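What you see is a predicted model; the values in this text were computed from it and never measured. So that the names make sense, note that chain A is the first sequence line, chain B the second, and so on, each numbered from 1.
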Protein chains: 2
Amino acid sequence: MAGGRIRQENEALILRAAEYVFARAGFAGATMNEIATRAGVPKSNLHYYFRTKQALYRAVLAHTLALWLSETDIIGAEQRPQVALEQYIRAKMRLSASHPDASRVFANELLHGAPEIRDVLSGALRALVARKAGVIREWIARGEMASVDPQHLFFTIWAATQTYADFESQVCAVLGVSHLGQRDYEQATDHLVRLLLRGCGLEPAGLAVELSSTRGESHEF
Amino acid sequence: MAGGRIRQENEALILRAAEYVFARAGFAGATMNEIATRAGVPKSNLHYYFRTKQALYRAVLAHTLALWLSETDIIGAEQRPQVALEQYIRAKMRLSASHPDASRVFANELLHGAPEIRDVLSGALRALVARKAGVIREWIARGEMASVDPQHLFFTIWAATQTYADFESQVCAVLGVSHLGQRDYEQATDHLVRLLLRGCGLEPAGLAVELSSTRGESHEF
DNA sequence: GTCTATACTAAGATAGAC
DNA sequence: GTCTATCTTAGTATAGAC
C-alpha cells in the first residue's frame, strides 16, 4: 500500500489536481481528462492509481473531512467563552482563506445530499457537536454567556465563515473586486468576531470595545 | 412567445421538474432524460420547448434570481432597524423553508463561479446591496444600532439562513432528524433573530429581554 | 511499474414521422 | 404542433504494449 516514491508523488499530484477540478465542476462535471491534464500525467494513470472516478473523489473528500473535523479542540469548558469562540471563528476563517477548494468540494457534497459522507456526518460530526454543545451549555449555565442554542450556533458559524470560500463569486461581485485578498479576509473576520461574540453576549477578548474600523492587530494568513 | 395553453402548461411542468433535478445533481449531473421522466413528457420535448440544456438551466436560474432579489423592500431608513432586520431574517428563512430547491440551484451556480449570472450579481445585486448598505449606515450614524459592516452583514444573513436549505443534509445529520420540519425552522429562526439582532446591538422588537431558554411568544410560520 | 490505444456506454441534440 | 427514432460526441474504463 505504501508504494514507491513515484507512486506517492503521483498520487499527491493527482489528488491536488482533483481537488481543484472537483471544486469547480462538482463530481459529475469533473472529467478524468481534465484532472489528468492538470496533474500532468496520462489520463489512464488516474485509473491506475485510483481505480474509479468515485474512488478518486472519495480520496479527495477524506482530505476535506479531516480539515473539517479539526479545529474544535479550542472549545473546552476550562476556557473563557469569548477567547474560545473568537479563536474558533478565526480558525475557521483561516481555513476558508487557505483551503477554499477543499471547502467547495465539501459544500458540493453537502449540497447534493452528502451521498458519500452521510455516515461520517451522523456519526463523528454529530458526536463532536454534541460534546462541544455540552461545553457551551455549561458556559451558559455558569452565566458566562447569553443563552444561545449551541447546535444552531455551530451552523451559523460554519455558514458565515465558509460563505467566503464557497460563494466567493457572490462576495466578490458585491464588493466589486476580482478576488478576495488578505485585507478582505481580515475585514470579514473582524466583522464576524464582533457580530457573533456580541450576539452571544460577549466582548472580544483582545479587541478594544471601540467600534471604529481601524483594528488593533493583524493576524497571520 | 406567449404560445398556446398546452405550451404554457408543459413549460411550467418542465421548469418545476428541472428545478428539482438541477437542485440535486447540479448542471452537469442533471440529465435531460431524468427531467423529462419527472415532468412526464417525452425526452425530446425538452429540446422542443427549450432549445438546449443550458437554455433550460438559464430559465430555472431566472426564477431563482427573482426570488433571491426580492424581500429587501423591508429595509428602509424610515423603519426601526430591529423591526426591519428581524423581518428580513424571517423572510429569508421562510424562503429557505418554502423554496429549498431554488436555493440549492442558486447555491450550486455560485459554488461553480456563477458563470451564467455573473453580470446580474455585479449589476443588480451589487447595486441593491449598495442602496441597502446606505440605509444601515444611516441607522448606525443615528446611533440606532452598533457599528456593523453593512455588506458583510448581508453575507452573514444570507449564509446563515440559506444553510438550512443548501446544507440541509448536514443540519439533519447533526440534529439527528431525517428532514427539517416546521418546528426545526422555528427554532432556527428564533436562534438567528436573537443572535444577529443582539450582535447588531439591538433587541428583538416583540421578544422579552430575558435570555432564558423559554421564549415569551412564538412567531407565525 | 507505467503509459498507449481502444472498447463501451450514456447523454445531448436533431431530422423526420405522425 | 407534438413525439419517435437516430446520430454524434465525449467520457469512463480496460486490455495490452513498452
Where along residues 47-63 of chain A does a heavy atom come under 4.0 Å from DNA chain C, residue by residue in number order? Tyr48(A), Tyr49(A)
In whole angstroms, the gap separating C1' of dA10(D) from CG of Asn33(A) amounts to 9 Å
What integer distance in Å separates Phe27(B):CZ from dA11(C):C1'? 12 Å
Who passes side chain to side chain contact (heavy atoms under 4.5 Å, CB included) against Arg16(A), sequence neighbours left out? Leu13(A)
Ile14(A) CD1 to dT2(C) C1': how many Å, rounded? 11 Å
Phe50(B): ring pair (Phe, Tyr, Trp, His ring centres under 6.0 Å) partners, not counting sequence neighbours: none
Can you name the atoms? Protein N/O to nucleotides 5-8 of chain C N/O, anything below 3.5 Å, with the distance.
residue: dA5(C); atom: N6; partner: Ser44(A); partner atom: OG; Å: 2.8

Counting any heavy atom closer than 4.0 Å, what does Ala28(A) reach on the DNA or RNA strands: base, sugar-phosphate only, or nothing? nothing
Quick one: which residue pairs count as a side-chain hydrogen bond (donor to acceptor under 3.5 Å, both in side chains) with a foot in residues 28-44 of chain A, not counting sequence neighbours? none
How would you list, by chain and number, every residue that makes a side-chain hydrogen bond (donor to acceptor under 3.5 Å, both in side chains) with His99(A), sequence neighbours excluded? none
Nearest-Å distance, CE (Met32(A)) to C1' (dT4(C))? 16 Å
Is there a side-chain contact between Arg104(B) and His112(A) in this structure, where contact means two heavy atoms from C-beta onward sitting under 4.5 Å apart? no
Within 45° of the six-membered ring axis of Tyr48(B) and under 6.0 Å from that ring's centre, is NZ or CZ of Arg7(B) located there? yes
Atom-pair distance (CG on Leu46(A); C1' on dT2(C)), nearest Å: 13 Å
Please state how far atom CD1 in Ile6(B) lies from atom C1' in dT2(D), giving the value in whole angstrom units. 9 Å
Ring pair (Phe, Tyr, Trp, His ring centres under 6.0 Å) test vs Phe106(A) passes for just one of Trp158(A), Trp68(A), Phe22(A), namely Trp68(A)
To the nearest 0.5 Å, how far apart are CE in Met93(B) and CD in Glu186(B)? 10.5 Å
